[in-house]
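Here's the structure, in structure tokens; my notes come after.
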Amino acid sequence: LAARLAGRRGIALERDIDASLAVRMDPQDLQELVGNLLDNALRWAGRRVSLRVAGEVGGVRLSIEDDGPGMSAEQREAALARGARLDERRSGSGLGLAIVRQIAEGHGGQATVRSTVGVGSTFTIWLPRYVDR
């Protein structure tokens, strides 16, 4: 679905996903988390969105990067807050990124954002890795 939306908007969707990784999370929660992040990135991107999923010690890091307008420090802080809409001219409820944060933290993880005005933003989710013993 995200690839079709990206194609319609003329945005290149790059993916680098280690499919061998697993997290302990309801598939619907994972879909909502990734869907909200991709929706946000595709909404703001200029030409490119990148999705990366990689393992690291004790966890899985999911990063979604866009080449959109970026955010100031104040906007970065507000981005993950419930009901924060950074641009009232665009559609949306302002809940998507807050939901992402809530889901990540509810599963023992964390959500962070890095951004530079004029360059773009990267939303990163860290989740504990599922290990079947």
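Source: prediction; values computed, not measured.
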Looking at E105, I want to see if its CD is surrounded by more than 12 non-hydrogen atoms of other residues, nucleotides or ligands under 6.0 Å.
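Atom CD in E105 is crowded, with more than 12 foreign heavy atoms closer than 6.0 Å.
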Is it the case that atom CD in Q31 sees more than 12 heavy atoms from other parts of the structure closer than 6.0 Å?
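Count not over threshold, so no.
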Could you check M25 against I103 for side-chain contact (heavy atoms from CB on, under 4.5 Å), going step by step and ending with a plain yes or no?
CA-CA 9 Å; M25 179 181 283; I103 291 171; 3.9 Å; yes
Rounded to the nearest 0.5 Å, what separates atom [atom1] in [X] from atom [atom2] in [Y]?
{"X": "T122", "Y": "D67", "atom1": "OG1", "atom2": "CG", "answer": "10.5 Å"}
{"X": "R24", "Y": "R129", "atom1": "CZ", "atom2": "CZ", "answer": "14.0 Å"}
{"X": "E32", "Y": "D39", "atom1": "CD", "atom2": "CG", "answer": "11.5 Å"}
{"X": "I11", "Y": "R47", "atom1": "CD1", "atom2": "CZ", "answer": "11.0 Å"}
{"X": "E65", "Y": "E14", "atom1": "CD", "atom2": "CD", "answer": "8.0 Å"}
{"X": "L33", "Y": "D29", "atom1": "CG", "atom2": "CG", "answer": "8.5 Å"}

Among V34, L21, I17, V23, side chain to side chain contact (heavy atoms under 4.5 Å, CB included) partner for L62
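Exactly one pass, corresponding to V34.
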For Q28, which residues count as a side chain to side chain contact (heavy atoms under 4.5 Å, CB included) partner, sequence neighbours excluded?
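With sequence neighbours excluded, Q28 shows a side chain to side chain contact (heavy atoms under 4.5 Å, CB included) to D26, given in chain and number order.
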For residues R61 and S63, is any side-chain donor paired with an opposing acceptor at under 3.5 Å?
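Looking only at side-chain atoms, S63 and R61 do not form any donor-acceptor pair under 3.5 Å.
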Would you say W126 ends up clustered with I64 if hydrophobic residues are merged whenever their side chains have heavy atoms under 4.5 Å apart, either directly or through other cluster members?
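No, separate clusters.
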Which heavy atom in I125 sits nearest to a heavy atom in A104, and how many Å separate them?
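So the two residues come closest at CG2-CB, 3.9 Å.
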Where is the tightest heavy-atom contact between L13 and A6, given as atom of each residue plus distance?
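The pair with the smallest heavy-atom distance is CB-CB, 4.0 Å.
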Can any side-chain N or O of N40 pair as donor or acceptor with the backbone N or O of N36 at less than 3.5 Å?
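Not confirmed, N40 side chain does not pair with N36 backbone.
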Distance-only criterion, 3.5 Å: show the donor-acceptor pairs between side-chain atoms of residues 111-118 and protein atoms not counting sequence neighbours.
from	atom 1	to	atom 2	distance (Å)
S115	OG	M71	N	2.7
S115	OG	G120	O	3.1
S115	OG	S121	OG	2.7

Heavy atoms, side chains only, cut-off 4.5 Å: are L97 and L37 in contact?
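A side-chain contact exists here, since the closest heavy-atom pair is under 4.5 Å.
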